[in-house]
Amino acid sequence: MSFGWGTNLTNDFEGCAPAPNPGLDPISIVAKVSEANGRPAVKLSDNPAKATGEKNEIERYISVFGDAGRVEHAVRV
């Protein structure tokens with residue numbers, strides 16, 4: 001199992017300066033694993049729009065882990 005580092009973990013500055021300061025909104029920077037030991041990696045999410053990897057591999061992992069709770073919603077960029 002692996003993981004990535006998401007926007008709010010890596011660069012969420014909300015609340016660090018006097019409000020309002022829209023210039024400190026987090027930017028969308030996410031580090032993701034692309035392969036491990038020479039094999040392509042898959043990233044699953046509670047939002048299907050954020051899944052990454054080869055489509056057949058994503059489907060394979062969903063068949064193993066299920067898709068309960070996965071709901072597509074707009075991705076904040």
- Message: Under the rule for side-chain contact (heavy atoms from CB on, under 4.5 Å), what residues qualify as partners of Glu54, not counting sequence neighbours?
- Response: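 With sequence neighbours excluded, Glu54 shows a side-chain contact (heavy atoms from CB on, under 4.5 Å) to Pro40, Asn56, Glu57, given in chain and number order.
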
- Message: According to side-chain contact (heavy atoms from CB on, under 4.5 Å), who are the partners of Ala49, at least two apart in sequence or on a separate chain?
- Response: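 By the side-chain contact (heavy atoms from CB on, under 4.5 Å) rule, Ala49 matches Asn47, Glu72, Val75.
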
- Task: Taking all non-hydrogen atoms of both residues into account, name the closest pair between Ile58 and Gly53 and its distance.
- Result: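 So the minimum-distance heavy-atom pair works out to CD1-O, 3.6 Å.
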
- Does Lys50 offer a backbone N or O that forms a donor-acceptor pair with the side chain of Lys43 under 3.5 Å?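 Confirmed, Lys43 side chain pairs with Lys50 backbone.
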
- Residues in salt bridge (Lys or Arg N to Asp or Glu O under 4.0 Å) contact with Arg70, at least two apart in sequence or another chain: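 In terms of salt bridge (Lys or Arg N to Asp or Glu O under 4.0 Å), with neighbours along the sequence ignored, Arg70 is linked to no residue.
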
